[in-house]
Amino acid sequence: MEDNLIIKTEKLTKRFPMGKSEFTALKGIDLSLGTGEFAGLIGPSGSGKTTLLNIVGSLDTPSEGKVIVLDRSIGNLTAKEAARLRKEKLGFIFQNYNLLAVHTVYENVEFPLLLLHIAGTERKRMVLDALEWVGLTDKIKQKPPQLSGGECQRVAIARAMVKKPSIVLADEPTANLDAANSHNILQTMVKLNKELKTTFLFATHDEKVISYLKRKIYLLDGKLDKDETVSN
Amino acid sequence: MKLALKLAYKNLIGAGLRTWLNVIVLSFSFVLIIAAKGILVGWDRQAKLDMTNWEIGGGQYWNINYDPYDAFTLEDAHAPVPSQLGADIEAGDMIPVLIAQGTIYPEGRMQSILLKGIDPDQTILELPTRKLDTLVGATPVIIGSNMARANKLEVGDYVTIRWRDANGTFDATDICITEIFSTNVPTVDLAQVWLPMDSLQSMLLLSGEATLLTFRDREKPRDEIANWKLMSYKALVQDIEEMIKTKSVGQSIFYTILLLLALLAIFDTQVLSIFRRQKEIGTYVALGYTRREVVGLFTIEGGMHAVLAAVVGALYGIPLLIWFARTGITLGVTSADYGFAIADTMYPVYSGTLVIGTTLVVLLTTTIVSYWPSRKIARMNPTEALRGRLQ
């Protein structure tokens, strides 16, 4: 893999069984992303953006073609290796936040670090740092049901960022948020992208998100339609 | 593992009322199994103790022809007391007992009985044989309270008995009830009359003979004696052990049903959890868990019901079981109904093995029941789980 390149797909095809036939969600996608990019997969529902995001996130495997993420071929990873990749190098942000409801904000953000067996003092510092990035240090003892949607998504960002992953994959992160909260969240992510050089890859069709992207990758019916880089 | 335990505990506590309902039902099973088993252990112990004290001592020598379950063997089941046992008898460590068939005529009725001759000075058995040394106008006898109740006999009553002596000749005499004793051992009570050994030997024309010999010391090695069968303590309590084993099986069915109800609730909770918590499962996978690890987490979570149930059960169970062990339980049956040694009030005995064994059984079965539905997670597609789309 070339220097600086952390995601590369070659002729990526993904098919899903649909009754007796098959549905092709991705049709021969060729794509490369470098370190520190702030890019988005843009397209209407059913265009294949979430499928592509899931494969890059090693939650799914390609039917055909190659997907290389951080020098690892996703199609050849064992379940354990894929889990390790997610645990160590990838962060996820979901449309519905997917926070653990019975855990406090602090515990939710701490969780990825527990999986990495990071020692107590260091872990605490990292959690508080992450919560400071998203401005939630005053809510550490609250639980997700006590938070607003915007706050939940900020917790989810802190959870994704706390281990300083190489790539953050965000699937429609603003879909359940109002405009003010969406901008707030996006500004936080832009800041983190700049400060930590983390690569962000979004799946979205939200104009607000699109306006923040430095690279816009348009998908249509499972094919790469357009790939635009926004100049500063 | 530590993280899984911490997570499982948090998730369980977070589930609130559902968890506590399961835990309470399971804790009932815990306490009930221990209580019920405790009764059996207590019964077993009490029955053996009563049998030891009232009937079998540390073991017996039986005349080779003696069969306690066949009254017809009694006619030939006697022989002179072996001379090699004389020293033990002299020291009071062994007592000969002579047994014969007879008939009693209380209030003009006729009742078959066993006539049992015993030394009034014996100290091996708890039978109040000293009362056989009473001077009355007929042969002094002692009987058990069940025998007295069945024949409407009281202390001081005179009644006629009849028997056949060694020559086959029928004879009869009057006896006087000098004591009525209360015992939980029906085999020394029901349809039995205890007489002084000398009197019975003389009545039967069997001077110096006995049917069986009961010894005091269980541990002392005993020699085999020709025409006498050595019955060890273990062999003599075998019947009561068999009986309790049978009771135990019946009781196991009862608490297995109770345990199954509790396990069903946990199984149901697990199935529901897996259906309702798909997004959470997907999230664990996205954060770096393998599906197998999530299966492990859910299994621990289910199995932890048993741990919480043990804690909750201990909170109310320990004081309850201690109280129960002190006050005992009155079953409303008597040894006469059972034909076996059974106390009016039984005192349960709880051993460490019983408590630990029960805890392990409940923990293991709960974990298995929790694992069963959790296996479904291993087949889940995490991307579908994340969206909560699985059926």
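Reminder, nothing fancy here: chain letters follow the sequence lines and each chain counts from 1.
Atom-to-atom distance recorded for Glu280(B):CD and Leu99(A):CG is 11.0 Å, nearest 0.5 angstrom. Between Arg84(A) atom CZ and Thr290(B) atom OG1 the span is 13.0 Å, to the nearest 0.5 Å. Atom CD1 of Ile281(B) and atom CG of Asn98(A) lie 12.0 Å apart (nearest 0.5 Å). The distance from the NZ atom of Lys6(B) to the NE2 atom of His103(A) is 9.0 Å, given to the nearest 0.5 Å.
Shown here is Lys66(A), whose NZ atom has no more than 12 heavy atoms of other residues, nucleotides or ligands within 6.0 Å. Heavy atoms from other residues, nucleotides or ligands lying under 6.0 Å from NZ of Lys89(A) number 12 at most. Enclosure of atom NZ in Lys223(A) is not indicated, since only 12 or fewer non-hydrogen atoms of other residues, nucleotides or ligands lie within 6.0 angstrom. The local environment of CZ in Arg292(B) is sparse, with at most 12 non-hydrogen atoms from other residues, nucleotides or ligands closer than 6.0 Å. No more than 12 heavy atoms of other residues, nucleotides or ligands shown are found within 6.0 angstrom of OH on Tyr371(B). For Lys124(A), the NZ atom sits in a loose shell: 12 or fewer heavy atoms of surrounding residues, nucleotides or ligands are nearer than 6.0 Å. In Arg18(B), the CZ atom is crowded: over 12 heavy atoms of neighbouring residues, nucleotides or ligands sit closer than 6.0 Å.
Side-chain contact between Phe111(A) and Leu287(B) is present, with at least one heavy-atom pair separated by less than 4.5 Å. Taking 4.5 Å as the limit, every side-chain heavy atom of Leu3(B) sits out of range of all side-chain heavy atoms of His117(A). A 4.5 Å side-chain heavy-atom check between Leu386(B) and Gln95(A) finds every atom pair outside the cut-off. Looking at Leu100(A) and Tyr284(B), their side chains come closer than 4.5 Å, going by heavy atoms from C-beta outward.
Between the Arg86(A) side chain and the Val285(B) main chain, a donor and an acceptor come within less than 3.5 Å of each other.
For a residue to count as touching a neighbouring chain, one of its non-hydrogen atoms must lie under 4.5 Å from one of that chain's; by this rule Leu115(A) touches chain B with backbone and side chain alike.
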